[in-house]
There are 2 protein chains.
Amino acid sequence: MSEPANGNDGRPTRVTIREIAELAGVSIATVSRVVNGRGDVSAETRENVQRVVRERGYTVNRSARGLSAGRTGFVGVTIPKVHPVYFSSILSGAAEALSEQDMRIVLCPTEHEHDREVSLLERLMHGTTDGALLVLPEETNDELESLLNHGYRFVVIDPLKQLNERVPAVSAANSSGANQAVRHLLALGHRRIGAITGPNGWLATEERRGGYHAALASAGIMPDPAIEVASDFQIEGGIEAGGRLLDVAERPTAIFAFNDNLAIGAMQAARSRGLRIPEDLSIVGFDDLEWAQHVTPALTTVRQPLAEMGRMAVSLLTRLLDNQSFEALHVELATRFIVRGSTQRVSA
Amino acid sequence: MSEPANGNDGRPTRVTIREIAELAGVSIATVSRVVNGRGDVSAETRENVQRVVRERGYTVNRSARGLSAGRTGFVGVTIPKVHPVYFSSILSGAAEALSEQDMRIVLCPTEHEHDREVSLLERLMHGTTDGALLVLPEETNDELESLLNHGYRFVVIDPLKQLNERVPAVSAANSSGANQAVRHLLALGHRRIGAITGPNGWLATEERRGGYHAALASAGIMPDPAIEVASDFQIEGGIEAGGRLLDVAERPTAIFAFNDNLAIGAMQAARSRGLRIPEDLSIVGFDDLEWAQHVTPALTTVRQPLAEMGRMAVSLLTRLLDNQSFEALHVELATRFIVRGSTQRVSA
DNA sequence: AGCATGTTCCGGAACGTTTCGGAAGTGTTT
DNA sequence: AAACACTTCCGAAACGTTCCGGAACATGCT
């Protein structure tokens with residue numbers, strides 16, 4: 001009835017839906033429907049309300065909406081503590097797609113929270129976010145599926161393991177991208193092609209390895225374990241692994257590094273051994289991070305559409321949140337092979 | 001009294017504070033006080049409540065808390081659409097510091113929202129976030145101060161303009177960092193030292209320029225406008241600007257690039273002109289991004305403590321939110337000069 | 001005994017929104 | 001003129017917290 005009691009903090013009291021309703025001479029229910037673009041309101045009333053909203057600079061209180069409607073407009077994104085640029089590309093794609101629907105990203109560092117079962121995700125969802133994007137999640141298949149059964153909505157980006165068909169995921173065409181990269185090397189006459197892989201067991205590693213082996217097989221070459229060393233997707237790891245590869249008895253003439261970090265590490269290892277790239281050694285990477293075209297020589301690599309993966313994940317999630325049905329829960333985005341200066345026809 | 005009405009969606013009804021209260025045989029208010037660690041509750045009751053909370057996996061509903069208490073536990077971070085790795089370093093520092101206090105970052109893309117005056121920030125604060133971190137904000141001094149007067153809490157990271165004393169900000173010691181870099185070049189015997197600056201008018205640019213000029217002056221050298229070209233902090237810009245610098249009549253023997261992107265661009269420009277680094281040309285950068293030590297030759301640069309800037313900003317913001325008073329609203333973090341392989345004593 | 005002082009807890013009123021059920025008003029059909 | 005359908009709007013009940021004011025009880029002091 002009377003004015004709402006305020007004067008609590010120094011904080012100025014914000015303009016509320018009630019105020020708009022009074023000024024526009026309608027009920028708060030009507031204002032709500034206008035603001036949320038629902039039907040059931042005449043054009044005249046709608047315009048009038050919108051005018052008042054604009055004049056007073058009203059914006060909906062997301063906490064109140066979250067409480068009342070159950071949806072907060074927030075999407076949680078778990079952030080792995082590796083590969084900042086890989087991650088930020090995905091992030092910017094997702095953020096862009098989300099802001100189109102007036103939704104926002106909540107960052108959820110996944111530090112030491114893996115003590116209690118699925119505690120992070122439970123916390124994530126409970127009154128905080130409508131859904132989540134899980135980047136490189138360490139949760140097991142069972143954990144993820146149990147989450148799914150609890151009614152949580154999320155989509156996995158770049159799964160570490162082969163996921164159950166029911167959990168939505170988006171990834172890149174690792175196998176065919178790797179295949180293409182190695183075929184390129186073969187076409188240049190290389191026969192002894194080493195590889196620096198990611199951690200064994202990671203899906204991205206195994207799929208790329210599959211493409212690598214398949215391409216070798218198509219040329220009648222047996223993979224040689226001596227020139228296939230596992231690493232950790234980091235630059236330092238690439239230096240070390242590249243060194244091991246180059247110190248092998250019968251040195252490879254080309255190296256397929258399973259990501260750009262490893263490739264740049266391998267380049268350093270080669271250089272420190274007096275090898276020229278690409279004259280003495282061809283190198284191919286995977287990712288096409290921003291700096292790949294700016295190293296010397298520019299890196300031949302497989303482009304992974306990271307931002308697009310973020311956007312696609314958002315699109316899947318949105319449809320999940322709207323309870324729409326799905327034709328395919330697993331989406332694999334195409335990669336693109338980019339030839340630059342780090343590969344060359346094998347020298348006689 | 002009876003069970004709460006549910007069965008609305010397929011969504012499972014979550015465990016609420018009321019449930020915990022009943023199970024623990026105390027009032028809702030008591031549970032709230034336990035959960036929020038406030039006093040006024042006996043050790044026995046506290047432990048009992050905590051046990052029930054643990055058993056049922058209760059977590060507070062942030063929307064409800066936001067509505068009721070006015071604080072949401074969310075901090076908005078505006079993201080400029082440039083320099084992903086620069087930005088992600090700041091972000092990870094801030095995220096880390098915030099998660100220690102169980103607060104979260106909400107990402108706020110600042111695309112085309114600059115139409116209506118301060119609309120982004122108003123939306124940001126209104127029931128959504130407790131405060132904000134503004135990275136490289138394009139808002140004017142007046143806008144920021146008006147926000148401040150409206151009771152908004154925020155801290156600026158890396159301001160673009162000289163800010164009013166009243167608006168809290170954290171930045172790096174641009175001037176002294178630049179000074180140190182140029183003194184290093186001078187000590188190596190360089191006399192003709194060019195510069196690729198950032199956009200004119202940006203605070204970081206002007207401060208670094210100040211340090212650059214001061215160092216030159218200390219060696220009795222007048223800055224030569226012919227070898228000081230402005231660019232945009234991007235790699236492409238560095239290539240272009242570096243080219244201009246190297247095509248000048250009396251070519252500089254060293255280039256101070258105002259960030260690492262520009263430095264790597266300049267390196268490319270030099271290489272495409274057949275110049276060797278560091279033999280024919282010394283190059284210094286600014287930032288020390290991750291890859292700076294992995295380019296060839298490794299980049300001599302000024303390290304900016306980006307993650308620390310994020311943490312510091314959070315610390316300032318936290319104190320602002322707690323209404324604590326301040327000794328200094330402007331914090332400048334020290335930079336560190338790092339000598340690597342891209343600089344060398346000037347050749348005779 | 002009477003009184004002040006603490007300690008521990010509870011009741012209940014906000015907080016700002018969404019949404020359900022229904023109430024007016026206006027036509028249209030029977 | 002009654003019955004019905006449709007459109008447009010409203011009232012009021014949630015949603016799950018926080019926090020103020022005060023109740024109940026124990027304790028210490030006079």
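Heavy atoms only: backbone and side chains are in, while hydrogens, waters and symmetry mates are out. Note on naming: letters A, B, ... go to the chains in the order of the sequence lines (proteins, then strands), and numbering restarts at 1 for each one.
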request  = Classify the nucleic acid contact of B:G39 as base, sugar-phosphate or nothing, counting any heavy atom under 4.0 Å across all strands shown.
outcome  = nothing
message = For a quick check under 3.5 Å, do B:D130 and B:T72 share a side-chain donor-acceptor pair by atom type?
response = yes
task = Could you work out which one of D:dT17, C:dT18, D:dT18 sits closest to the side chain of B:S32?
result = D:dT18
key: 5'-most by nearest nucleotide on DNA chain C - B:G25 or A:T30   = B:G25
query = A:E47 CD to D:dC9 P: how many Å, rounded?
reply = 12 Å
remark   = To the nearest angstrom, the CZ-P distance between A:R18 and D:dA12 comes to 13 Å
inquiry  = Of the options C:dG16, C:dT8, C:dG11, whose atoms approach the side-chain atoms of B:S27 most closely?
reply    = C:dG11
query = Any chance the side chains of B:T318 and B:S315 put a donor and an acceptor closer than 3.5 Å?
reply = no
note = Rounded to whole Å, CD1 of B:I17 lies from P of D:dT17 at a distance of 5 Å
task = Please determine, for the side chain of A:R65, which listed nucleotide (D:dT17, C:dT17, C:dG12) has the closest atom?
result = C:dT17
request  = For A:L67 and C:dT18, give me the distance from atom CG to atom P, rounded to whole Å.
outcome  = 12 Å
inquiry  = Rounded to whole Å, how long is the line connecting atom CG of A:D40 with atom C1' of C:dG22?
reply    = 12 Å
message = Within the 4.0 Å heavy-atom criterion, would you say B:R46 contacts the bases, only the backbone, or no part of the nucleic acid?
response = nothing
query = Are any of the side-chain nitrogens in B:E22 or B:R18 under 4.0 Å away from the carboxylate oxygens of its partner?
reply = no
Flag if over 12 foreign heavy atoms under 6.0 Å of CD, A:E44 = no
ask   = Under 4.0 angstrom, heavy atoms only, what part of the nucleic acid is B:S42 near: base, sugar-phosphate, or nothing?
value = sugar-phosphate
inquiry  = On the nucleotide C:dC15, are OP1 or OP2 found under 4.0 Å from the side-chain N or O atoms that A:S63 carries?
reply    = no
ask   = Rounded to the nearest Å, what distance is computed from the CD atom of residue A:E22 to the P atom of nucleotide D:dC10?
value = 12 Å
message = Is a donor from one side chain sitting under 3.5 angstrom from an acceptor on the other, for A:S27 and A:T30?
response = yes
remark   = Nearest-nucleotide check on DNA chain C, B:S68 vs B:V41; residue mapping nearer the 5' end is B:V41
ask   = Base, sugar-phosphate, or nothing for B:R38, non-hydrogen atoms under 4.0 angstrom?
value = sugar-phosphate
query = Contact class for A:A69 (heavy atom, under 4.0 Å): base, sugar-phosphate, or nothing?
reply = sugar-phosphate
remark   = Between CZ of A:R33 and P of C:dG22 the distance, given in whole Å, is 16 Å
Nucleotide D:dA14, atom P - distance to CD1 of A:I28 in whole Å = 15 Å
request  = Verify the contact: side-chain N or O of A:N36 to OP1 or OP2 of C:dT18, cut-off strictly under 4.0 Å; return yes or no.
outcome  = yes
